[in-house]
Number of protein chains: 2
Amino acid sequence: MNVTIKDVAKRANVAPSTVSRVIADSPRISKETKERVWKAMEELGYYPNAIARSLASKVTNTLGLIMPRSTEEAFSNPFFPEVMRGISVVAHREKYDLLLSTSGNKEEEKEAVIRMVKGKRVDGIILLSSRTTDELIPWLRDEKFPFVVIGKPLDARGVYWVDNDNIGASKLATNYLIKHGHREIAFISGSLEYVVSLDRLDGYKLALEENGLTFKRELVEQEEFSEDGGYRAMMKILERAKPTGVVVTDDVMAFGVIRAAIDKGFRVPEDISIVGFNNIPLSAFANPPLTTIDISTFELGIKSAELLIARLKQKEIESDHIIVPVKLIERKSCVSR
Amino acid sequence: MNVTIKDVAKRANVAPSTVSRVIADSPRISKETKERVWKAMEELGYYPNAIARSLASKVTNTLGLIMPRSTEEAFSNPFFPEVMRGISVVAHREKYDLLLSTSGNKEEEKEAVIRMVKGKRVDGIILLSSRTTDELIPWLRDEKFPFVVIGKPLDARGVYWVDNDNIGASKLATNYLIKHGHREIAFISGSLEYVVSLDRLDGYKLALEENGLTFKRELVEQEEFSEDGGYRAMMKILERAKPTGVVVTDDVMAFGVIRAAIDKGFRVPEDISIVGFNNIPLSAFANPPLTTIDISTFELGIKSAELLIARLKQKEIESDHIIVPVKLIERKSCVSR
DNA sequence: CACCTATATGAAACCGATTGCATCCGTATT
DNA sequence: AATACGGATGCAATCGGTTTCATATAGGTG
């Protein structure tokens, strides 16, 4: 079998508890004993069993990551890897590992969370995005389990979250088109099941209102978060209206929107201007290069991990949420009219 | 405290061992008892503690994922998320979770593996790419720990691996340029520390040889796997030679190569043709759209996870390695001469 | 009717750590 | 000299399961 704490104890002529204390570098153990134990560990090639340690101490040094939708789908939108990149930088710095749940749909997602929480496999959880109908958030809150949500939840009472100012960001995008002389501005978002979609719709409406433009239902469409989703949404809008500008809340969708516009015989940006969201790497290389709202995706990951870990370490936390700034990246997908 | 197996046992008037057997759905327990126990579990809201279970059974139902280089860097090349997408599909299907190590450099990477293996946190490991100097592979082999490598290792004895035929793929790319009349063909790869770079260099040499072209050292350059790396490599080559075609073993690097060519006053593809590798999503949208070797990244993930799990389940395995096919995607970054 | 054999369940050891409490010893205090 | 005290370490319970082996009961056999 493997080398255990008992073998080390025997070799160093001490009790297992002493070895345990040496591992934790407890000040209660004398320098000499520590050295004897270290030597024994070295000689035997001892390495602590993390599982046993977790069982006894109830700490795993692991963070759980819950992807929305299927894990497969999540990895195909560059937003998620980028968020994970941020999370992993902090996790590494703070010596945490990351446990990825692999789920296929909403039920399995719930199950994955239960597996992590009730199975005591993680110390805390990061939800990579929040739905309006999310049962997870109330459930985690009731369980009093530490978690952080990326994306402001509908009901934010007692939950820690990290997000952009989505209403503001959407106003920014819409105002940009308005300032460039557009008056018929369409708005395409992902499913209204996601809070982020709702907020951005609100921002769009506010911008119109503040500029004395009327909101027209036929200029608004929701679809799946994908290139095809964007394509379908734009097709539907073009069949019933004639926008000169479009705000699309996801760059991947925006590519579909451009494709639809071209298929319908419009030129981008000459006939239709487009503003996207997220500033994914592809956006700079698209044809035309996409004007988009950079939401600091990497930073969202960083901040969410920091917030969660601060909570786990019972550090003083200034606020239960963090707003990450956005900025507009001007490229070539918009023209003045 | 939490509900444990003992609470359930008490409530159902059985011994803890019986409850354990009910959880495992052992045929040794009578239908009636099972039902009584299930009811008790239901009523108490019992959920098994995965950590305790792992400790006793020595099974974690978790696969460890080891990224090369820093975790942060890995997430910024679309290759890795795509591989992970494949892995996560299989992991989910087979009911495994994924543990991500977060490391910053080679030493930490080794440490992360030790933490996983010696800490008994995972049942098996997938190495997302192999270095020539990799100490990990011999170490894991000596430990007799189940693992699979994406990318054929230099010394493949006793190692399970999944890869493309990199020599063939590189010949394919080089031959494509040769067939289009190119004779001065440059070759840019990532560090020769990676086996994949070596193999592709070999494929390039072979293609030259088979077509009676001479290999010229000044047409070959290695650099870091990044857009900047590609830029620097191409700059160095253009200062000493005049290629009409370039094989670049990574699309992200290829973007840098294009940028360098343009900065030096060349047009792509009119003056210099370029073939990339990986077919990342961006490639189709680049300017010009990139002709590239599609290496079925997703499939690499799928196969590696399947191979590992088959090994864990002691299934019959036909071969200790799997070759995933490649194909050339023709776009607009090459012209005939 | 004594003996054997399944079948169903329980008792207890074990997995490899952590931790509260007890103990031992040497030195300072009164 | 008796008491107190603090430092260093050990004992044993505990975390929440799994698994081996033993036992009890019922039914079958000669």
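A, B, ... follow the sequence lines: proteins, then strands. Residue 1 opens every chain. Only a predicted model underlies this, so the values are computations on that prediction, with no experimental measurement involved. Just so you know, these numbers use all the heavy atoms, side chains as well, and skip hydrogens, waters and symmetry mates.
- Taking every side-chain heavy atom of Pro48(A) into account, dA17(C) is the closest of dT9(D), dC15(C), dA17(C).
- Between Thr60(A) and Arg53(A), the side chains place no donor N or O within less than 3.5 Å of an acceptor N or O (distance only, hydrogens not considered).
- OP1 or OP2 of dT18(D) has at least one side-chain nitrogen or oxygen of Ser20(B) nearer than 4.0 Å.
- Note: CG (Asn49(A)) to C1' (dG16(C)) measures 6 Å, nearest angstrom.
- Of the options Val162(A), Ile302(A), Ile126(A), Ile150(A), a side chain to side chain contact (heavy atoms under 4.5 Å, CB included) to Val83(A) is made by Ile150(A) and by none of the others.
- Set against dG17(D), dC15(C), dA17(C), the side chain of Lys58(B) has dC15(C) as its closest nucleotide.
- Inspection of the Thr33(A) and Ser30(A) side chains reveals an N or O donor paired with an N or O acceptor under 3.5 Å.
- Annotation: Glu135(A), atom CD; neighbour count of heavy atoms from other residues, nucleotides and ligands within 6.0 Å does not exceed 12.
- The stretch residues 22-42 of chain B touches DNA chain D through Arg28(B), each having a heavy atom within less than 4.0 Å of the strand.
- The interatomic distance linking Lys6(A) (NZ) with dC15(C) (P) rounds to 7 Å, in whole Å.
- Among the protein residues, Asn13(A) comes within range of the sugar-phosphate backbone only, with heavy atoms under 4.0 Å from sugar or phosphate atoms but none that close to a base.
- Residue Asn61(A) contributes atom CG, which lies 12 Å from atom P of dT18(C) at whole-angstrom precision.
- Atom CE of Met116(A) is separated from atom CG of Asp97(B) by 5.5 Å, given to the nearest 0.5 angstrom.
- Ranked by how close their nearest DNA chain C nucleotide is to the 5' end, Leu55(B) and Val14(B) are led by Val14(B).
- At whole-Å resolution of the value, CG in Leu44(B) and P in dG16(D) are 14 Å apart.
- Note that CZ of Phe79(A) is 9.0 Å distant from CZ of Phe225(A), once rounded to the nearest 0.5 Å.
- With rounding to whole Å, Arg121(A) atom CZ is found 21 Å from dC15(D) atom P.
- Taking atom NZ of Lys10(A) as the reference point, atom P of dG10(D) lies 14 Å away to the nearest angstrom.
- Taking atom NZ on Lys118(A) and atom P on dG16(D), their separation rounds to 13 Å, with Å as the unit.
- Pairs passing the salt bridge (Lys or Arg N to Asp or Glu O under 4.0 Å) check and including a residue from residues 9-22 of chain A, sequence neighbours excluded, read Arg11(A)-Glu43(A).
- Crowding of Lys95(B) atom NZ: a count of heavy atoms from other residues, nucleotides or ligands under 6.0 Å not exceeding 12.
- Protein atom CD1 of Ile5(A) is 16 Å distant from nucleotide atom C1' of dC14(C), rounded to whole Å.
- Heavy-atom neighbours of Lys144(B) NZ from other residues, nucleotides or ligands within 6.0 Å: at or below the threshold of 12.
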Collect all protein-nucleotide pairs involving nucleotides 11-13 of chain C in which both atoms are nitrogen or oxygen and the distance is under 3.5 Å.
{"from": "dA11(C)", "atom 1": "N6", "to": "Ser17(B)", "atom 2": "OG", "distance (Å)": "3.4"}

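- Taken from OG1 in Thr18(A) to CD1 in Ile5(A), the straight-line distance is 9.5 Å, to the nearest 0.5 Å.
- Using a 4.0 Å cut-off, no side-chain N or O of Ser57(A) falls inside it from OP1 or OP2 of dT18(C).
- For Tyr47(B) and dG17(D), the shortest distance from a side-chain N or O to OP1 or OP2 is not below 4.0 Å.
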